[in-house]
Amino acid sequence: MLRQQDVGHRIVVRRIVGIREGRPLFTDALGELVELSETHLTLATAQGQLRVPVAQVHRAKRVPPTRRPTAAAVVTLERAADEAWPAPTRGRLGDWLLRAADGWTGRANSALPIGDPDRPLLAAVDAVERWYAEQGQPAMINTPLPLAAPVGAELDARGWGSRPPVLVQTAPLPLVDPGAGAAVPGAGSVATEATVEPVAEVGAAAPGASVELVAAPSAAWLAIAAGRKGGLPDAARHVLTAVDQVRFAHVYADGTLVAIGRGTVTGQGRWLGLSLIEVLPEARRQGLARAVIAALAGWGVSAGATHAFLQVEQRNTAAVALYRRLGFTTHHTYLTRVAPH
(Lines give C-alpha, C1' and ligand atoms only; values in the text may rest on other atoms or scores of the structure.)
Protein backbone atom coordinates (compact mmCIF):
# COMPACT_ATOMS: atom_id res chain seq x y z
CA MET A 1 0.00 0.00 0.00
CA LEU A 2 0.90 3.66 -0.21
CA ARG A 3 2.66 5.80 2.38
CA GLN A 4 2.91 9.54 2.95
CA GLN A 5 6.28 9.42 1.15
CA ASP A 6 4.38 8.65 -2.06
CA VAL A 7 2.52 11.98 -2.06
CA GLY A 8 3.68 14.04 -5.04
CA HIS A 9 4.57 10.96 -7.09
CA ARG A 10 2.83 9.12 -9.92
CA ILE A 11 0.84 6.08 -8.79
CA VAL A 12 -1.58 3.50 -10.16
CA VAL A 13 -4.62 2.45 -8.13
CA ARG A 14 -6.77 -0.61 -8.74
CA ARG A 15 -10.12 -0.12 -7.02
CA ILE A 16 -13.31 -2.09 -6.57
CA VAL A 17 -16.26 -0.45 -8.34
CA GLY A 18 -18.91 -3.14 -7.94
CA ILE A 19 -19.81 -6.81 -7.69
CA ARG A 20 -21.05 -9.03 -10.52
CA GLU A 21 -22.07 -12.63 -9.99
CA GLY A 22 -20.34 -12.63 -6.64
CA ARG A 23 -17.05 -11.33 -8.05
CA PRO A 24 -15.57 -7.85 -7.59
CA LEU A 25 -15.27 -5.52 -10.58
CA PHE A 26 -12.07 -3.53 -10.82
CA THR A 27 -10.95 -0.37 -12.60
CA ASP A 28 -7.52 1.26 -12.69
CA ALA A 29 -6.64 4.93 -12.24
CA LEU A 30 -3.29 6.53 -13.02
CA GLY A 31 -2.16 9.92 -11.78
CA GLU A 32 -0.19 11.93 -9.23
CA LEU A 33 -1.02 11.31 -5.58
CA VAL A 34 -1.88 14.67 -4.06
CA GLU A 35 -3.40 13.61 -0.73
CA LEU A 36 -3.43 10.50 1.44
CA SER A 37 -5.46 10.12 4.62
CA GLU A 38 -6.68 7.19 6.71
CA THR A 39 -9.97 7.17 4.78
CA HIS A 40 -9.28 8.52 1.28
CA LEU A 41 -6.61 9.13 -1.32
CA THR A 42 -6.78 11.80 -4.02
CA LEU A 43 -5.18 11.55 -7.46
CA ALA A 44 -4.67 14.21 -10.10
CA THR A 45 -5.47 12.35 -13.32
CA ALA A 46 -5.66 13.44 -16.94
CA GLN A 47 -9.45 13.66 -16.49
CA GLY A 48 -9.27 15.72 -13.29
CA GLN A 49 -9.03 14.98 -9.57
CA LEU A 50 -10.27 11.60 -8.35
CA ARG A 51 -11.03 10.93 -4.67
CA VAL A 52 -11.02 7.25 -3.78
CA PRO A 53 -12.09 5.77 -0.43
CA VAL A 54 -9.32 3.58 0.99
CA ALA A 55 -11.92 0.85 1.54
CA GLN A 56 -12.31 0.57 -2.26
CA VAL A 57 -8.57 0.24 -2.95
CA HIS A 58 -7.52 -3.27 -3.95
CA ARG A 59 -3.92 -2.42 -4.86
CA ALA A 60 -1.91 0.78 -5.19
CA LYS A 61 1.74 1.44 -5.94
CA ARG A 62 4.13 4.09 -7.15
CA VAL A 63 5.10 3.96 -10.83
CA PRO A 64 7.84 5.75 -12.78
CA PRO A 65 7.02 9.20 -14.21
CA THR A 66 5.92 9.33 -17.82
CA ARG A 67 8.99 11.32 -18.73
CA ARG A 68 12.04 11.82 -16.60
CA PRO A 69 13.79 15.15 -17.02
CA THR A 70 17.05 15.04 -18.90
CA ALA A 71 20.30 15.39 -17.00
CA ALA A 72 20.76 18.80 -18.62
CA ALA A 73 17.32 19.93 -17.39
CA VAL A 74 18.11 18.86 -13.81
CA VAL A 75 21.48 20.63 -13.91
CA THR A 76 19.92 23.83 -15.27
CA LEU A 77 17.22 23.88 -12.58
CA GLU A 78 19.63 23.02 -9.77
CA ARG A 79 21.93 25.88 -10.80
CA ALA A 80 18.99 28.29 -10.91
CA ALA A 81 18.00 27.10 -7.43
CA ASP A 82 21.57 27.65 -6.21
CA GLU A 83 21.48 31.22 -7.54
CA ALA A 84 18.20 31.75 -5.70
CA TRP A 85 19.64 30.56 -2.34
CA PRO A 86 23.25 31.79 -2.48
CA ALA A 87 25.62 30.62 0.26
CA PRO A 88 28.16 33.29 1.28
CA THR A 89 31.07 30.82 1.50
CA ARG A 90 31.68 28.88 -1.69
CA GLY A 91 34.22 26.58 -3.30
CA ARG A 92 34.47 24.31 -6.33
CA LEU A 93 35.59 20.82 -7.25
CA GLY A 94 35.55 21.01 -11.01
CA ASP A 95 31.84 21.50 -11.72
CA TRP A 96 30.75 20.53 -8.20
CA LEU A 97 29.71 23.37 -5.89
CA LEU A 98 30.74 23.62 -2.22
CA ARG A 99 28.55 25.84 -0.05
CA ALA A 100 28.53 26.98 3.57
CA ALA A 101 26.34 29.47 5.48
CA ASP A 102 27.05 28.98 9.19
CA GLY A 103 24.85 25.87 9.18
CA TRP A 104 21.67 27.78 8.19
CA THR A 105 19.58 25.39 6.06
CA GLY A 106 20.75 22.25 4.32
CA ARG A 107 20.58 23.81 0.87
CA ALA A 108 23.13 26.51 1.73
CA ASN A 109 25.46 24.14 3.61
CA SER A 110 25.79 21.19 1.26
CA ALA A 111 27.87 20.29 -1.76
CA LEU A 112 26.01 20.09 -5.07
CA PRO A 113 27.53 17.20 -7.08
CA ILE A 114 26.44 18.02 -10.61
CA GLY A 115 28.84 17.83 -13.51
CA ASP A 116 32.44 16.61 -13.45
CA PRO A 117 34.37 16.99 -10.16
CA ASP A 118 37.62 16.79 -12.13
CA ARG A 119 38.80 13.73 -10.15
CA PRO A 120 37.57 10.20 -9.39
CA LEU A 121 34.39 9.94 -7.35
CA LEU A 122 36.08 8.56 -4.23
CA ALA A 123 38.62 11.39 -4.26
CA ALA A 124 35.85 13.93 -4.82
CA VAL A 125 33.94 12.77 -1.73
CA ASP A 126 37.20 12.84 0.27
CA ALA A 127 37.73 16.45 -0.88
CA VAL A 128 34.19 17.40 0.16
CA GLU A 129 34.80 15.98 3.64
CA ARG A 130 38.06 17.92 3.97
CA TRP A 131 36.48 21.20 2.79
CA TYR A 132 33.68 21.05 5.33
CA ALA A 133 36.11 20.09 8.09
CA GLU A 134 38.00 23.28 7.26
CA GLN A 135 34.74 25.22 7.67
CA GLY A 136 34.17 23.59 11.05
CA GLN A 137 30.90 22.06 9.80
CA PRO A 138 29.64 18.52 9.21
CA ALA A 139 29.94 17.47 5.59
CA MET A 140 26.67 17.37 3.65
CA ILE A 141 25.95 16.61 0.00
CA ASN A 142 22.71 17.42 -1.80
CA THR A 143 22.04 14.58 -4.24
CA PRO A 144 19.50 15.27 -7.03
CA LEU A 145 17.97 11.99 -8.14
CA PRO A 146 18.39 10.03 -10.30
CA LEU A 147 21.22 12.25 -11.63
CA ALA A 148 23.43 11.85 -8.55
CA ALA A 149 22.60 8.19 -7.86
CA PRO A 150 26.26 7.11 -8.26
CA VAL A 151 27.25 9.66 -5.61
CA GLY A 152 24.49 8.36 -3.35
CA ALA A 153 25.76 4.80 -3.72
CA GLU A 154 29.23 5.88 -2.60
CA LEU A 155 27.77 7.76 0.37
CA ASP A 156 25.77 4.66 1.33
CA ALA A 157 29.00 2.68 1.36
CA ARG A 158 30.54 5.25 3.71
CA GLY A 159 27.59 5.17 6.10
CA TRP A 160 26.27 8.66 5.39
CA GLY A 161 22.79 9.45 6.72
CA SER A 162 19.92 11.07 4.88
CA ARG A 163 17.42 13.80 5.63
CA PRO A 164 13.77 13.46 4.47
CA PRO A 165 13.26 13.46 0.69
CA VAL A 166 12.55 16.81 -0.95
CA LEU A 167 10.42 17.32 -4.07
CA VAL A 168 11.64 19.88 -6.58
CA GLN A 169 8.42 20.99 -8.23
CA THR A 170 7.82 23.20 -11.26
CA ALA A 171 4.92 24.87 -13.05
CA PRO A 172 4.57 27.08 -16.11
CA LEU A 173 3.72 30.74 -15.57
CA PRO A 174 1.18 32.18 -15.15
CA LEU A 175 0.03 29.72 -12.51
CA VAL A 176 -3.39 28.14 -12.92
CA ASP A 177 -5.64 27.01 -10.09
CA PRO A 178 -7.63 24.02 -11.43
CA GLY A 179 -10.17 24.49 -8.65
CA ALA A 180 -10.89 28.02 -9.83
CA GLY A 181 -10.49 27.19 -13.52
CA ALA A 182 -8.52 30.36 -14.22
CA ALA A 183 -5.09 31.84 -14.02
CA VAL A 184 -4.00 32.83 -10.53
CA PRO A 185 -4.14 36.63 -10.24
CA GLY A 186 -0.85 38.43 -10.37
CA ALA A 187 0.42 41.61 -8.84
CA GLY A 188 -1.89 44.58 -9.17
CA SER A 189 -1.19 48.27 -8.71
CA VAL A 190 2.33 49.48 -8.13
CA ALA A 191 2.84 52.28 -5.61
CA THR A 192 6.11 54.18 -5.35
CA GLU A 193 6.90 54.99 -1.74
CA ALA A 194 9.39 57.44 -0.28
CA THR A 195 12.90 57.19 -1.68
CA VAL A 196 14.18 55.56 1.51
CA GLU A 197 11.70 52.70 1.03
CA PRO A 198 11.67 49.99 -1.66
CA VAL A 199 9.02 49.92 -4.35
CA ALA A 200 5.93 47.98 -3.26
CA GLU A 201 3.51 45.96 -5.36
CA VAL A 202 0.09 44.96 -4.10
CA GLY A 203 -1.67 41.79 -5.24
CA ALA A 204 -5.07 40.25 -4.59
CA ALA A 205 -5.46 38.38 -1.30
CA ALA A 206 -8.12 37.10 1.04
CA PRO A 207 -10.96 39.53 1.87
CA GLY A 208 -9.65 42.49 3.85
CA ALA A 209 -5.98 41.67 3.18
CA SER A 210 -3.41 42.68 0.59
CA VAL A 211 0.02 41.38 -0.34
CA GLU A 212 2.86 43.86 -0.33
CA LEU A 213 6.02 42.95 -2.24
CA VAL A 214 9.20 44.81 -1.34
CA ALA A 215 12.84 44.45 -2.30
CA ALA A 216 14.06 44.07 1.31
CA PRO A 217 12.53 42.13 4.20
CA SER A 218 11.13 43.96 7.22
CA ALA A 219 12.27 43.18 10.76
CA ALA A 220 8.95 41.41 11.35
CA TRP A 221 9.44 39.35 8.17
CA LEU A 222 12.89 38.28 9.38
CA ALA A 223 11.49 37.38 12.79
CA ILE A 224 8.94 34.98 11.25
CA ALA A 225 11.65 33.46 9.05
CA ALA A 226 13.91 33.05 12.08
CA GLY A 227 11.14 31.27 13.96
CA ARG A 228 10.61 28.86 11.09
CA LYS A 229 14.30 28.17 10.45
CA GLY A 230 15.57 28.17 14.03
CA GLY A 231 17.43 31.47 14.09
CA LEU A 232 18.87 33.90 11.57
CA PRO A 233 22.68 34.27 11.57
CA ASP A 234 24.39 36.92 9.43
CA ALA A 235 24.98 34.29 6.75
CA ALA A 236 21.22 33.78 6.50
CA ARG A 237 20.68 37.42 5.60
CA HIS A 238 23.14 36.96 2.73
CA VAL A 239 21.27 33.86 1.53
CA LEU A 240 17.96 35.73 1.61
CA THR A 241 19.01 39.04 0.04
CA ALA A 242 22.07 38.49 -2.19
CA VAL A 243 20.03 37.95 -5.36
CA ASP A 244 19.69 40.61 -8.04
CA GLN A 245 15.96 40.07 -8.53
CA VAL A 246 14.18 39.29 -5.26
CA ARG A 247 10.89 40.23 -3.59
CA PHE A 248 9.66 39.67 -0.05
CA ALA A 249 5.91 39.27 0.41
CA HIS A 250 4.16 40.74 3.46
CA VAL A 251 0.51 40.31 4.47
CA TYR A 252 -0.77 42.33 7.43
CA ALA A 253 -3.93 41.93 9.52
CA ASP A 254 -4.77 44.75 11.92
CA GLY A 255 -1.21 46.02 11.64
CA THR A 256 0.37 42.64 12.42
CA LEU A 257 2.39 40.67 9.89
CA VAL A 258 0.63 37.32 9.50
CA ALA A 259 2.01 35.84 6.26
CA ILE A 260 5.29 36.02 4.35
CA GLY A 261 6.95 34.65 1.25
CA ARG A 262 10.00 35.15 -0.91
CA GLY A 263 10.42 35.14 -4.66
CA THR A 264 13.52 35.28 -6.84
CA VAL A 265 14.15 35.32 -10.58
CA THR A 266 17.30 33.44 -11.63
CA GLY A 267 18.49 31.03 -14.29
CA GLN A 268 19.03 33.74 -16.94
CA GLY A 269 15.65 35.22 -16.09
CA ARG A 270 13.64 32.06 -16.74
CA TRP A 271 12.92 30.72 -13.26
CA LEU A 272 10.80 32.22 -10.49
CA GLY A 273 11.85 30.56 -7.24
CA LEU A 274 9.35 30.45 -4.36
CA SER A 275 10.51 29.95 -0.80
CA LEU A 276 9.58 30.63 2.83
CA ILE A 277 5.83 30.69 2.21
CA GLU A 278 4.65 30.94 5.82
CA VAL A 279 1.35 31.85 7.48
CA LEU A 280 1.07 32.30 11.24
CA PRO A 281 -1.17 29.65 12.88
CA GLU A 282 -3.90 32.12 13.84
CA ALA A 283 -4.24 33.30 10.22
CA ARG A 284 -4.30 29.95 8.44
CA ARG A 285 -7.17 28.58 6.30
CA GLN A 286 -7.93 32.05 4.94
CA GLY A 287 -6.24 31.69 1.55
CA LEU A 288 -3.21 33.77 2.52
CA ALA A 289 -0.58 31.29 1.31
CA ARG A 290 -2.28 31.15 -2.07
CA ALA A 291 -2.48 34.96 -2.15
CA VAL A 292 1.24 35.28 -1.39
CA ILE A 293 2.10 32.81 -4.15
CA ALA A 294 -0.23 34.63 -6.56
CA ALA A 295 1.42 37.98 -5.91
CA LEU A 296 4.93 36.57 -6.28
CA ALA A 297 3.91 34.75 -9.45
CA GLY A 298 2.54 37.97 -10.90
CA TRP A 299 5.79 39.74 -10.12
CA GLY A 300 7.76 36.88 -11.67
CA VAL A 301 5.78 37.13 -14.90
CA SER A 302 6.34 40.90 -15.01
CA ALA A 303 10.08 40.25 -14.56
CA GLY A 304 10.09 37.90 -17.57
CA ALA A 305 10.07 34.49 -15.84
CA THR A 306 8.34 31.71 -17.76
CA HIS A 307 8.37 28.95 -15.13
CA ALA A 308 8.25 28.67 -11.34
CA PHE A 309 9.95 26.20 -9.03
CA LEU A 310 9.88 25.39 -5.35
CA GLN A 311 11.31 22.80 -3.01
CA VAL A 312 9.05 21.06 -0.49
CA GLU A 313 9.62 18.12 1.83
CA GLN A 314 7.81 15.06 0.56
CA ARG A 315 6.20 14.51 3.97
CA ASN A 316 4.60 18.00 3.97
CA THR A 317 1.43 16.69 2.37
CA ALA A 318 -0.67 19.82 3.00
CA ALA A 319 1.80 22.00 1.10
CA VAL A 320 2.16 19.43 -1.68
CA ALA A 321 -1.62 19.40 -2.12
CA LEU A 322 -1.75 23.22 -2.29
CA TYR A 323 1.04 23.38 -4.86
CA ARG A 324 -0.62 20.67 -6.93
CA ARG A 325 -3.80 22.75 -7.13
CA LEU A 326 -1.69 25.61 -8.47
CA GLY A 327 -0.30 23.43 -11.26
CA PHE A 328 3.01 22.27 -9.74
CA THR A 329 4.31 18.80 -10.55
CA THR A 330 7.44 17.03 -9.38
CA HIS A 331 10.42 17.63 -11.67
CA HIS A 332 12.87 15.57 -9.62
CA THR A 333 13.71 14.81 -6.01
CA TYR A 334 16.79 15.22 -3.88
CA LEU A 335 18.22 13.90 -0.65
CA THR A 336 20.49 15.86 1.67
CA ARG A 337 23.13 13.38 2.78
CA VAL A 338 24.97 13.89 6.07
CA ALA A 339 28.40 12.45 6.92
CA PRO A 340 28.57 10.20 9.99
CA HIS A 341 29.93 11.78 13.16
In terms of heavy-atom contacts, Thr241 and Pro217 come closest through CG2-CD, 4.0 Å

Closest non-hydrogen contact found for Val239 with Arg262 is O-NH2, 3.2 Å

### Query
When you look at CZ of Arg59, are more than 12 heavy atoms from neighbouring residues, nucleotides or ligands closer to it than 6.0 Å?
no

**Heavy-atom neighbours of Arg228 CZ exceed 12 at 6.0 Å** =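 Yes, CZ of Arg228 has more than 12 neighbouring heavy atoms, counting only those of other groups under 6.0 Å.
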
So does [X] pair up with [Y], basic N to acidic O under 4.0 Å?
X: Arg23; Y: Glu21; answer: no
X: Arg337; Y: Glu154; answer: no
X: Asp82; Y: Arg99; answer: yes

Apart from Met140 itself, members of its ILVMFWY cluster (side-chain separation under 4.5 Å) are Val338

Applying ring pair (Phe, Tyr, Trp, His ring centres under 6.0 Å) as the test, list every pair that has at least one member in [range]; sequence neighbours left out.
range: residues 22-65; value: Phe26-His58
range: residues 67-101; value: Trp85-Trp104
range: residues 125-165; value: none

Hits for side-chain contact (heavy atoms from CB on, under 4.5 Å) against Asp118, two or more places apart or cross-chain, chain-then-number order -> none

Those residues at least two apart in sequence (or on a different chain) that pass ring-ring contact (aromatic ring centres under 6.0 Å, His included) with Phe309 are none

